[in-house]
Amino acid sequence: MSEAVITETTRAGVRTLTLNRPDRLNAANDALLLALTDALRRADADDSVRVVVITGAGRGFCAGQDLGDVSGRDMTFTEHLNHTYNPLIRTIRSLGKPVISAVNGVAAGAGASLALAGDIRLWAQGASLIEVFSNIALVPDSGSTWFLPRLVGYHRAFELMALAERVRSDDALRLGLCEQVFPDETFVQDVQAYAERLAARPANALKLTKQALVFAQTSTLDEALDQEAALQQLAGDHWEHEEGVTAFKEKRPAQFIRDGE
Ligand code: T3D
């Protein structure tokens, strides 16, 4: 049996996790979801990994829950979400490294949530996103109700969810659902180049920046200011900060990758 998630790591510290059920547009069964969460946790624990990329094999990114896998399941919907999708989304958000959702094709249902959950969202020209849940009379899950309205506002989110409208890449860029759109033909190379650029940035500072941003999304301004002050101490005490300042004074590019890190 082929692996549900293929793991590859480059020398630059980019770990790519490829959902690998291409004949089902990478629709998620439990094996895939648990393998992906496990792979993310491993990436977090591995000091040689500086950036994580999640993408899909074949023409789809992820078509959401595998609908062939639902009937006869011995879990309720609530139990299933708490067992599979929710730990996955929480792991992405709490991961101490940037996670790129590299959306190579259609992202539907929980696959749309996965596409939105990355810290950076890179799309291929031919990619699309569908909050498809209402087509099968379900509620958007895996974080879609949290991510989407923050990006497009309540009303647009409701419309996209109620009508299960397909959002194509040009609209996704306009609506803020992705940061970059790359040509289909060069997507893999463009994502890799982007990820390597990110991997050369100061890893500790990026980890703390993510922590601060995630915290601030549910905090008051006062709480965010306190959190920034605490995290700035951690950043300022780290060797990366000294290197950044020294490089500035010496008028050379900062070197944020050290041997053995
Ligand atoms: O705990 C819980 O269970 C609740 C959690 C729910 C989370 C969810 O994600 S609910 C939403 C589940 N997903 C869907 O409802 C999406 C269903 N798929 C589609 O609507 C369409 O396939 C797409 C719009 C995504 C793409 O359409 P298209 O025309 O590009 O491709 P296609 O021909 O429909 O699909 C290609 C193959 O993939 C096809 O198989 P075949 O006929 O070639 O053998 C199709 O059946 C299969 N496929 C696509 N999506 C799924 C799937 N098989 C199983 N489950 C899928 N979700």
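Sequence positions, counted from 1, serve as the residue numbers for this chain. In listed order, ligands and their atoms are each counted from 1. Bear in mind that the values here come from a model prediction, so they are computed numbers and not experimental data. Reckoned from all heavy atoms, side chains included, excluding hydrogens, waters and symmetry mates.
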Show the short N or O contacts, below 3.5 Å, that ligand 1 makes with protein N or O atoms; if there are none, say 'none'.
| from | atom 1 | to | atom 2 | distance (Å) |
| --- | --- | --- | --- | --- |
| ligand 1 | 1 (O) | R73 | NH2 | 3.3 |
| ligand 1 | 1 (O) | H80 | ND1 | 2.6 |
| ligand 1 | 3 (O) | R73 | NH1 | 3.0 |
| ligand 1 | 3 (O) | R73 | NH2 | 3.1 |
| ligand 1 | 9 (O) | Q65 | N | 2.8 |
| ligand 1 | 9 (O) | A110 | N | 2.9 |
| ligand 1 | 13 (N) | A63 | O | 3.0 |
| ligand 1 | 30 (O) | R59 | NH1 | 3.0 |
| ligand 1 | 30 (O) | R59 | NH2 | 3.4 |
| ligand 1 | 31 (O) | R59 | NH2 | 3.1 |
| ligand 1 | 40 (O) | R24 | NH1 | 3.2 |
| ligand 1 | 44 (O) | R24 | NH1 | 3.3 |
| ligand 1 | 55 (N) | L67 | N | 2.9 |
| ligand 1 | 57 (N) | A63 | O | 3.1 |
| ligand 1 | 57 (N) | Q65 | O | 2.9 |

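Both tests pass for R150 against the ring of W146: distance under 6.0 Å to the centre and angle within 45° of the axis. Stacking of R73 on the aromatic ring of F77 is recorded, both the 6.0 Å distance cut-off and the 45° axial limit being met.
Checked by atom type, the side-chain pair H241/N204 shows no donor-acceptor distance below 3.5 Å.
Between the T186 side chain and the Q189 main chain, no donor and acceptor come within less than 3.5 Å of each other.
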Could you pull out all donor-acceptor pairs under 3.5 Å where a side-chain atom in residues 54-65 meets a protein atom, sequence neighbours excluded?
| from | atom 1 | to | atom 2 | distance (Å) |
| --- | --- | --- | --- | --- |
| T55 | OG1 | A102 | O | 2.8 |
| T55 | OG1 | N104 | OD1 | 3.4 |
| Q65 | OE1 | Y85 | OH | 2.7 |

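R50 places none of its side-chain heavy atoms less than 4.5 Å from the side chain of V14.
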